[in-house]
Amino acid sequence: MEPKYVIILDFCTGALNIIKLIEEELQESENYDDFESFLSTLEGKYGFNLNNCQWMTTETLNIYWYEDGRETDRI
């Protein structure tokens, strides 16, 4: 799986950050032993702090939004 998207849950701001990595970032990530080390280089660019976040990567992005127990198209 190639990590095309990074999803960051920021505990301090209550924000969900979704980052679609550009080709240059994907290539740069291959120079690191682990993805979190690479991700730390993007903190300033995308405005997050890994010390206050949980993150995951995915090759495809699916977003589902629920209100009142039902899925809605509001995003």
Side-chain angles (χ1 to χ4, degrees):
M1 178 186 82
E2 185 175 357
K4 292 182 182 177
Y5 295 90
V6 179
I7 300 168
I8 300 172
L9 180 60
D10 189 321
F11 302 130
C12 289
T13 63
L16 175 65
N17 300 297
I18 301 172
I19 301 166
K20 183 176 183 183
L21 297 172
I22 60 174
E23 188 60 37
E24 291 81 10
E25 292 166 339
L26 291 170
Q27 290 174 356
E28 178 67 21
S29 72
E30 295 174 5
N31 296 327
Y32 290 81
D33 291 332
D34 64 85
F35 194 80
E36 189 165 8
S37 295
F38 162 71
L39 198 54
S40 69
T41 68
L42 300 179
E43 289 177 316
K45 180 177 182 179
Y46 293 109
F48 63 88
N49 183 336
L50 284 178
N51 291 330
N52 303 318
C53 300
Q54 288 287 323
W55 61 271
M56 64 175 267
T57 62
T58 184
E59 189 170 5
T60 59
L61 182 63
N62 297 300
I63 300 173
Y64 304 97
W65 186 283
Y66 297 89
E67 285 186 17
D68 297 321
R70 296 187 186 141
E71 188 174 354
T72 180
D73 59 1
R74 180 184 146 198
I75 292 182

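Heavy atoms only: backbone and side chains are in, while hydrogens, waters and symmetry mates are out.
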Checklist entry - Are more than 12 heavy atoms from other residues, nucleotides or ligands located less than 6.0 Å from atom CD of Q54? => result no
Checklist entry - What pairs meet the ring pair (Phe, Tyr, Trp, His ring centres under 6.0 Å) rule with one or both residues in residues 4-27, with sequence neighbours excluded? => result none
Checklist entry - Under 3.5 Å, is there a donor-acceptor pair between the side chain of Q27 and the main chain of E24? => result no
Item to check | N31: side chain to side chain contact (heavy atoms under 4.5 Å, CB included) partners, not counting sequence neighbours | outcome: E28
Next on the checklist: So, taking the atom named CG in N52 and the one named CG in L9, what distance separates them when rounded to the nearest 0.5 Å?
Outcome noted: 11.0 Å
Checklist entry - Is M56 reachable from I63 through a run of hydrophobic residues whose side-chain heavy atoms are each under 4.5 Å from the next? => result yes
Next on the checklist: Apply side-chain contact (heavy atoms from CB on, under 4.5 Å) to residues I7 and L61 and explain how you reach the verdict.
Outcome noted: CA-CA 9 Å; I7 300 168; L61 182 63; 3.9 Å; yes
Checklist outcome for this item: One should read off an interatomic distance between T57 OG1 and E36 CD, to the nearest 0.5 angstrom, of 11.5 Å
Next on the checklist: Taking transitive links into account, so neighbours of neighbours count too, which hydrophobic residues share a cluster with F35 at under 4.5 Å side-chain distance?
Outcome noted: V6, I8, I19, L21, L26, Y32, F38, L39, L42, Y46, F48, L50, W55
Checklist entry - For the atom pair CD (E30) and CD (E2), what is the distance rounded to the nearest 0.5 Å? => result 7.0 Å
Item to check | Donor-acceptor contact present, side-chain N49 to main-chain N51, <3.5 Å | outcome: yes
Item to check | Heavy atoms from other residues, nucleotides or ligands near CG of D33 exceed 12 (cutoff 6.0 Å) | outcome: no
